[in-house]
Amino acid sequence: MPLKLDDEVLQINDKTFEIFIRKEEIQAEIASLAARLEADYAGKEIVFIAVLNGAFMFAADLMKQFRSPCEITFVKVSSYKGMNSSGRVDEVIGLNTEIKDKHVIIVEDIVDTGITMEKLFTLLSVEKPASLEIVTLLHKPEAFKGTHTPTYIGFSIPNKFVVGYGLDYDELGRNTEHIYQLKGETR
Ligand code: 5GP
């Protein structure tokens with residue numbers, strides 16, 4: 001069996017994970033992020049852009065707690081070998097919402113090195129939104145190589161691998177309510 005789920009311990013293939021952030025802590029943090037966003041964006045035309053696959057659960061819970069009118073849409077970021085000088089081409093897949101002159105908030109599960117976030121900023125800026133910010137549930141400051149720290153951060157965590165609540169290990173483990181880390185690692 002590739003995946004064993006008994007709440008306290010998560011076994012995925014060869015790895016054992018234990019609870020790192022409990023569901024109650026996650027939900028409390030999301031409530032305060034939603035309240036901050038509501039206050040900061042009062043009266044503005046907002047589009048949330050959630051980045052699949054990892055952010056699906058965070059986006060759903062954040063939207064349930066965010067009470068002001070808003071649009072929500074989902075994208076994927078892909079990077080493939082192209083013909084340009086750098087050899088790589090990045091694109092945002094699935095953006096079928098007009099974002100020009102709207103206030104855009106990117107919803108991420110985790111900002112690690114920040115490379116994904118920087119790509120999104122560059123690609124979405126071309127569409128001329130009124131503003132562009134990021135809300136991320138998790139941030140690893142030690143791994144971060146970007147220039148702008150995300151404005152809205154749920155939890156700053158050490159540079160260790162986490163899984164659950166949308167985040168995967170070998171595509172498994174996304175369907176949990178807690179966030180887990182490798183057993184034996186300290187917080
Ligand atoms: P970046 O390094 O560009 O900030 O993050 C790239 C992607 O790596 C994230 O969107 C996420 O999918 C994945 N990632 C980074 N750190 C972790 C982690 O600790 N666990 C899991 N499951 N994925 C991670």
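Whatever order the structure lists them in is the order used to number ligands and atoms, beginning at 1.
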A.B. asks: Looking at atom 19 (O) of ligand 1, what's its closest protein heavy atom, distance included?
C.D. replies: K140 NZ, 2.7 Å

A.B. asks: State whether the number of non-hydrogen atoms from other residues, nucleotides or ligands found under 6.0 Å of E177 atom CD is greater than 12.
C.D. replies: no

A.B. asks: Determine whether a donor-acceptor pair (N or O, by modelled atom type, separation under 3.5 Å) exists between the side chain of K140 and the backbone of K160.
C.D. replies: yes

A.B. asks: At a 4.0 Å cut-off, with the gap strictly under it, does some heavy atom of E118 reach an atom of ligand 1?
C.D. replies: no

A.B. asks: Tell me whether V135 shares a hydrophobic cluster with I72, the cluster being built from Ile, Leu, Val, Met, Phe, Trp, Tyr side chains joined at under 4.5 Å.
C.D. replies: yes

A.B. asks: Considering only heavy atoms, which of I110, L138, N53 lies nearest to atom 9 (C) of ligand 1?
C.D. replies: I110

A.B. asks: Identify, for atom 2 (O) of ligand 1, the protein heavy atom at the shortest distance, and state residue, atom and that distance.
C.D. replies: T113 OG1, 2.5 Å

A.B. asks: Tell me, please, which residues at least two apart from F17 pass ring pair (Phe, Tyr, Trp, His ring centres under 6.0 Å).
C.D. replies: Y169

A.B. asks: Between V163 and ligand 1, is there a nitrogen or oxygen pair with a distance under 3.5 Å?
C.D. replies: no

A.B. asks: One residue to check: K160. Relative to ligand 1, which of side chain, backbone, both or neither has a non-hydrogen atom less than 4.0 Å away?
C.D. replies: backbone

A.B. asks: Please give me the minimum heavy-atom distance between H103 and S131, naming the atom from each residue.
C.D. replies: ND1-OG, 2.7 Å

A.B. asks: Give the residue and atom name of whichever protein heavy atom lies nearest to atom 3 (O) of ligand 1, and the separation in Å to one decimal.
C.D. replies: T116 OG1, 2.5 Å

A.B. asks: Please could you name the atoms of ligand 1 that F161 approaches to less than 4.0 Å, counting only its heavy atoms?
C.D. replies: 18 (C), 19 (O), 20 (N), 21 (C), 22 (N)

A.B. asks: Geometry only, no angles: is Y169 polar-contacting ligand 1 at N/O separations under 3.5 Å?
C.D. replies: no

A.B. asks: Identify the heavy atoms of M63 and C70 that sit nearest to each other, and give their distance.
C.D. replies: SD-SG, 4.1 Å

A.B. asks: Which residue owns the protein heavy atom closest to atom 22 (N) of ligand 1, what's the atom, and how far is it?
C.D. replies: D168 O, 2.7 Å

A.B. asks: Are any non-hydrogen protein atoms located under 4.0 Å from atom 16 (N) of ligand 1?
C.D. replies: yes

A.B. asks: Give the atoms of ligand 1, by number and element, whose distance to some non-hydrogen atom of I115 is under 4.0 Å.
C.D. replies: 3 (O), 4 (O)

A.B. asks: Any chain of hydrophobic side-chain contacts (each under 4.5 Å) joining L52 to I105?
C.D. replies: yes

A.B. asks: If I compare all heavy atoms of E25 with all of F155, which pair ends up nearest, and what's the gap?
C.D. replies: O-CZ, 3.5 Å

A.B. asks: Using a 3.5 Å cut-off on N or O atoms only, is G114 in polar contact with ligand 1?
C.D. replies: yes

A.B. asks: At what distance is the nearest protein heavy atom to atom 20 (N) of ligand 1, and which residue and atom is it?
C.D. replies: V162 O, 2.6 Å

A.B. asks: Please write down residue, atom name and distance for the protein heavy atom closest to atom 12 (O) of ligand 1.
C.D. replies: D109 OD2, 4.3 Å

A.B. asks: Mind listing the closest non-hydrogen atom pair of T136 and F58 along with its distance?
C.D. replies: C-CE2, 4.0 Å

A.B. asks: Please list the nearest protein heavy atom to atom 23 (N) of ligand 1 with its residue and the distance rounded to 0.1 Å.
C.D. replies: L167 CD2, 3.8 Å

A.B. asks: Show which side-chain atoms of residues 30-48 pair as donor or acceptor with protein atoms under 3.5 Å away, not counting sequence neighbours.
C.D. replies:
unit_1 : atom_1 : unit_2 : atom_2 : d
S32    : OG     : E29    : O      : 3.2
R36    : NH2    : T151   : O      : 3.3
E38    : OE2    : R67    : N      : 2.6
D40    : OD2    : Y152   : OH     : 2.5

